[in-house]
Number of protein chains: 2
Amino acid sequence: MKQLLTPHQVAKAIGVSESSLKRWCDKGMLATQRTAGGHRRLTIEAVLEFMRESGHEMAQPELIGLPAAVGKGTVVVERASEMLREALIAGDEGVARRTILDLFLAKQSVPVIGDRVIAPALSHVGQCWAEGTLEVYQERRSCEIVSRVLHEWRGLIATPSAQAPRAIGGTVEADPYVLPTSLCELTLRELGWQAESYGTRLPFATLIAAVRDVRPRLCWLSVSYIADEAEFIAKFAELFDATQACGTALAVGGTALHEPLRCQLRYSAFCDQLAHLAAFATSLTSTSSNDSGQVNP
Amino acid sequence: MKQLLTPHQVAKAIGVSESSLKRWCDKGMLATQRTAGGHRRLTIEAVLEFMRESGHEMAQPELIGLPAAVGKGTVVVERASEMLREALIAGDEGVARRTILDLFLAKQSVPVIGDRVIAPALSHVGQCWAEGTLEVYQERRSCEIVSRVLHEWRGLIATPSAQAPRAIGGTVEADPYVLPTSLCELTLRELGWQAESYGTRLPFATLIAAVRDVRPRLCWLSVSYIADEAEFIAKFAELFDATQACGTALAVGGTALHEPLRCQLRYSAFCDQLAHLAAFATSLTSTSSNDSGQVNP
DNA sequence: CTATAATTCGTTCATATCGATCACTTTCAC
DNA sequence: GTGAAAGTGATCGATATGAACGAATTATAG
């Protein structure tokens, strides 16, 4: 099974321009294959060989990796998810980072990678933990690794402009799961929002205060765990009223929000996946020209 | 990813001529990579390392992706803590990052910055929260901001070599405080250890399994909260026995370990501050030639 | 299979960097 | 003061890099 890389991917991975890479290929410094139409294709081995020969310890020698998404088919994404899962179980941060950031370099969006690669991998790890197949520390370590990759990823996304619409969010009360809300933050930042996660276990009352102080255009809530449903419903209603009074949209999501519970809640949008959050956020900015006159470029 | 800098950028950023910079590179004062065509490329990591060693001031840090005022601020530890505290309360991530990274550039070590700047600032924020002077979300937001800065900082410290001694750690059972254990990780990585925090709320049993699987030279435990002291004492004893059997040193610390409780625990070292952890870790590597034959260069 | 969007091709061109050299300043021993 | 040694910044022609362009190729969805 030979994985072929495009010049674009390789150039990004080793931190040079596509032009230079093409020149090196043409000079014979880098073993190159050609497609029928004349496009260059590189094997991982050739690239690693080139980096050894020319002695570069370039940007991220390890970055070019394995799933190497040539294209956006579901096959690539599924394989990436499997690879990430195995890397997380083994505690191999390098492979995990390669897997995720390679997809990013291949121009996959945060929702795609989050919903279809990271979420399934973590879900599988969590299942194994529940079944007792894995040690707890492997599950925690997996979360730590993903958390570090998400932080690094955040640094790769352009800092939003000060005029961009603001968004805040987090998890409430007893919910300790930080990764979903981090992914929400990333999703919105990729869309140009000034999104900032306030972390986990926020009491509803302080979230209401935050909405009143910060006045964001959007507030998201990631709900992976609920201790007391009745109390949750009551306090959630207060939060919703507060957001409405502030002109803030309230988007909710998370595995703990099952159908019968959702029926008892009022919110601006329920987002089953990051893709839904992205779509909802986009709809907000496209209509914001009506009420605020600001359009996101 | 690690972005590579050109000599031009770096020379401007530190305010010297390109000629001098090139000479420094060629003399080996500055770790340099080369492109295939022979052009020099520098990592931010190497530049910061050089500036810390040589004591150069940063003229225009924004040119290499650092916050605009890094290198220009007063590098007084005492004032820094106050500045950080105010920035955290206001939710100003930029100022918080500058404050911390400035000190790092001024050759301050992780323990100094952690013990004398970050800890007091967070402690003050926590106090205000307890008194009701601050909203909860301000405290949580502060922790999120510090967490992000620590992640960025982690990326600026050289990646440890594969031969370096390993260390793992985290918080146990019900303790949700992630920042102290992150600072432990940073402290050890600065000393060249392969340190990895496994996160918060680790059951003792899984920590024992982790020690047995990973066989680290050192295991640290940050204890900021204990739900049931009697249970803690019993399980801690099991962990200690396990670490001893594996040849792993067990370092503990944290505000929840008060004097009378400590008397009932056995451990390799109690570290009141990060400085103590650093000292203990150093003592381990300097004596490790006796029992493992490996010396950290 | 076909239509369409996205990517890569080869080329050109402006700019940046290379190594080497030179004039100048500082330091320091005599 | 003098001269050697060392460091700095500026300059040179030659070469390398990165961005832009229309045209051709590939990937993906219908």
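In what follows, chains carry the letters A, B, and so on, assigned in the order in which the sequence lines appear, proteins first and then strands, with residues in each chain numbered from 1.
Distance CD/A:Q9 to CD1/A:I44: 9.0 Å, rounded to 0.5 Å. Once rounded to the nearest 0.5 Å, the distance linking CH2 of A:W220 with SG of A:C271 reads 12.0 Å. A:L88 contributes atom CG, which lies 12.0 Å from atom CD of A:E144 (distance to the nearest 0.5 angstrom). Atom CG of A:L84 is separated from atom OG of A:S142 by 8.5 Å, given to the nearest 0.5 angstrom.
Residue B:I113 forms a side chain to side chain contact (heavy atoms under 4.5 Å, CB included) with just one option from B:T187, B:L103, B:D102, and that option is B:L103.
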Identify each atom pair where a protein N or O and an N or O of nucleotides 24-26 of chain C are less than 3.5 Å apart, giving names and distance.
none

Give every pair of a protein N or O atom and an N or O atom of nucleotides 14-20 of chain C that lie under 3.5 Å apart, one pair per line with the distance.
| unit_1 | atom_1 | unit_2 | atom_2 | d |
| --- | --- | --- | --- | --- |
| C:dT17 | OP1 | B:T6 | OG1 | 2.8 |
| C:dC18 | OP1 | B:R40 | N | 2.6 |
| C:dC18 | OP1 | B:R40 | NH1 | 3.0 |
| C:dC18 | OP2 | B:R40 | NH1 | 3.2 |
| C:dC18 | O5' | B:R40 | NH1 | 3.2 |
| C:dG19 | OP1 | B:R34 | NH1 | 2.9 |
| C:dG19 | OP1 | B:R34 | NH2 | 3.4 |
| C:dG19 | OP2 | B:R40 | NH1 | 3.1 |
| C:dG19 | OP2 | B:R40 | NH2 | 2.5 |
| C:dG19 | N7 | B:K22 | NZ | 3.3 |

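A sub-4.0 Å separation between OP1 or OP2 of D:dT17 and a side-chain N or O of A:W24 is present. Phosphate contact (OP1/OP2 of D:dT26, side-chain N/O of A:T35, threshold under 4.0 Å): present. Look at B:S20 and you'll find a side-chain N or O under 4.0 angstrom from OP1 or OP2 of D:dG9.
Distance CG (A:L42) to P (C:dT8): 11 Å, rounded to an integer number of Å. The CZ atom of B:R23 sits 14 Å away from the P atom of C:dT21 (whole-angstrom rounding). Here C:dT7 presents its P atom at 17 Å from CG of A:L21, a figure rounded to the nearest Å.
Between A:R154 and B:E152, none of the side-chain N atoms (NZ, or NE/NH1/NH2) sits under 4.0 Å from a carboxylate O, so this pair counts as no salt bridge. Between A:E259 and A:R262, at least one side-chain N (NZ, or NE/NH1/NH2) sits under 4.0 Å from a carboxylate O, which counts as a salt bridge. Remark: A:R23 does not engage A:E18 in a salt bridge, criterion side-chain N to carboxylate O under 4.0 Å.
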